[in-house]
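What follows is one structure encoded as structure tokens, with my remarks underneath.
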Amino acid sequence: MSTDFSQILQAHSALLGRVAATYEANFHLRQELLQDITLAVWQALQKFKGDSSVKTYVLRVAHNKAITHVAYHAKQPRNDSYCEIEAPKPNLQTTTDEQLGQQQQIQNMLKVIRNMPIQTRQVVTMSMEGLSYHEIADACGISNSNAGVILNRARKVLMESI
Amino acid sequence: MSEGQDSLSQLWQKQKVEQADLLEVTKKWRKVRLKQRFYVLLDFLSLAIPFAIIWFKADKLDSFTTSMLIALAVVGVAMVVYITWLRRFSLGWSNSSTEQHIQQLQKQIQNNIKIANFSLQSVWLVVILSVLLYVCLYYFQVFPPEKLKDKIVFTVSFNAIVLPCIWVWAARRKSRFSRELAELEQLLHGKNS
């Protein structure tokens, strides 16, 4: 793996982890998805032409791979009951009530996001990653105004959930 | 950015996430590449066998068997080309927009159903072709009756064991791809979690 690509992957590793979390609740399937996404991004980086920011490009490839993954894993249940571990449990000794509450809010938020249509999931998570309307619209293949409408609706739902 | 969006983003960024093991990713890539090359080799070998038989055994083959092998090789090439064409969307990653990617994904799953259906129907085709082959072998008196009888027994036994297995395998694949397509439709409309 070339050093440049490794650096880009390192720099975006948390972001890729969040994309995986958007599509998979199950811990083991999420790990598998994260490896698949990272591999897809690494391959895709070799064809990056600089038409968009690296972050937008990485997010687009990652979401596309995640959609393929969830579509091809139709057999396996994608809910919490499939395996005992949904996510690594926080260390209760060093975690304050505030942090626990925050993690609970995040879990609620993820549950709501995972129930959203794919396009809405992508728009809302890309927005929370700091992408502009234009970048989101370009990555999703929709118009700026459509991206805005989808985002506003999703934001309302999310605010209510947390 | 509104205050609500800002607080959502802040919360989103505080999410605890796992990180990919880059060494594992590299290993996986080598494995995937090896697997792809192996499949290409298998396709090539399956096509090369009839040609190899014609090439090396030309002097021992009668004109009927030679014609059959050439026809088999031509049909084989056409099938490999057709199946590769149906699989074209599944080759590698996609950096197109997600809208296009989803359309390609739907098309690919529909093509996978076609491929599975093709395998399923090929079972009948093999039975019909086997019957035709032996009728021709009998008609042109390619083999002495005893030898022909032995060959028929072997083919019928082979078909009786192998063809039902292919039928079950293809039927399962067809139903799996149909389920995947339904799952994708559900995901697109947000009914799944």
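What you see is a predicted model, and the numbers here were worked out from it, not measured in a lab. Each chain gets a letter, A, B and so on, in the order its sequence line appears, and its residues count up from 1.
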- Message: At a heavy-atom distance under 4.5 Å, which candidate from A:Thr38, A:Thr120, A:Leu15 has the highest pair count against chain B?
- Response: A:Thr38

- If you measure from CG on A:Leu39 to OG1 on B:Thr26, what distance do you get to the nearest 0.5 Å? 8.5 Å

- Run the side chain to side chain contact (heavy atoms under 4.5 Å, CB included) check on A:Met128 and B:Gln13 step by step: do they pass? CA-CA 8 Å; A:Met128 290 189 292; B:Gln13 301 285 339; 5.5 Å; no

- Message: Rounded to the nearest 0.5 Å, what separates atom CD in A:Gln103 from atom CG in B:Leu11?
- Response: 8.5 Å

- With clusters built from Ile, Leu, Val, Met, Phe, Trp and Tyr whose side-chain heavy atoms come within less than 4.5 Å, directly or transitively, what are the remaining members of the cluster of B:Leu45, listed by chain and number? B:Leu41

- Out of A:Gly17, A:Cys140, A:Ser13, which one racks up the most heavy-atom pairs below 4.5 Å with chain B? A:Cys140

- Is A:Val157 reachable from B:Leu8 through a run of I, L, V, M, F, W or Y residues, each pair having side-chain heavy atoms under 4.5 Å apart? yes

- Task: Of all the heavy-atom pairs spanning B:Ser97 and A:Asp138, show the shortest one and how long it is.
- Result: CB-O, 3.9 Å

- Query: Do B:Ser9 and A:Glu129 come within less than 4.5 Å of each other through their side chains, counting heavy atoms only?
  - Reply: no

- Task: May I ask whether B:Leu69 and B:Val126 are part of the same hydrophobic cluster, defined by side-chain heavy atoms of I, L, V, M, F, W, Y residues being less than 4.5 angstrom apart, directly or through others?
- Result: no

- Message: If you define the side chain from C-beta out and look only at heavy atoms, does anything of B:Trp12 sit under 4.5 Å from A:Leu158?
- Response: no

- Message: So, applying side-chain contact (heavy atoms from CB on, under 4.5 Å) with B:Thr98, which one of A:Val123, A:Ile142, A:Ile67 is it?
- Response: A:Ile67

- Task: Determine the minimum heavy-atom distance between B:Ile109 and A:Ala71, stating which atoms define it.
- Result: CD1-CB, 4.3 Å

- Query: Do other residues, nucleotides or ligands put more than 12 heavy atoms under 6.0 Å from the CD atom of B:Gln141?
  - Reply: no

- Message: When you compare the side chain of B:Gln15 with that of A:Met109, does any pair of heavy atoms fall below 4.5 Å?
- Response: no

- Rounded to the nearest 0.5 angstrom, the CG-CD distance for A:Leu9 and B:Gln19 is 11.0 Å

- B:Glu18 versus A:Leu34: any side-chain heavy-atom pair under 4.5 Å? yes

- Task: Would you mind telling me which of A:Gln105, A:Gln35, A:Gln31, A:Arg18 has the largest number of heavy-atom pairs within less than 4.5 Å of chain B?
- Result: A:Arg18

- Message: Quick one, B:Gln108 and A:Thr68 - any side-chain contact, counting heavy atoms below 4.5 Å?
- Response: no

- Is B:Leu125 linked to B:Val162 within one hydrophobic cluster, defined over Ile, Leu, Val, Met, Phe, Trp and Tyr using a side-chain heavy-atom separation of less than 4.5 Å? no

- Contact winner vs chain B - A:Gln102, A:Gln119, A:Lys156, heavy-atom pairs under 4.5 Å: A:Gln102

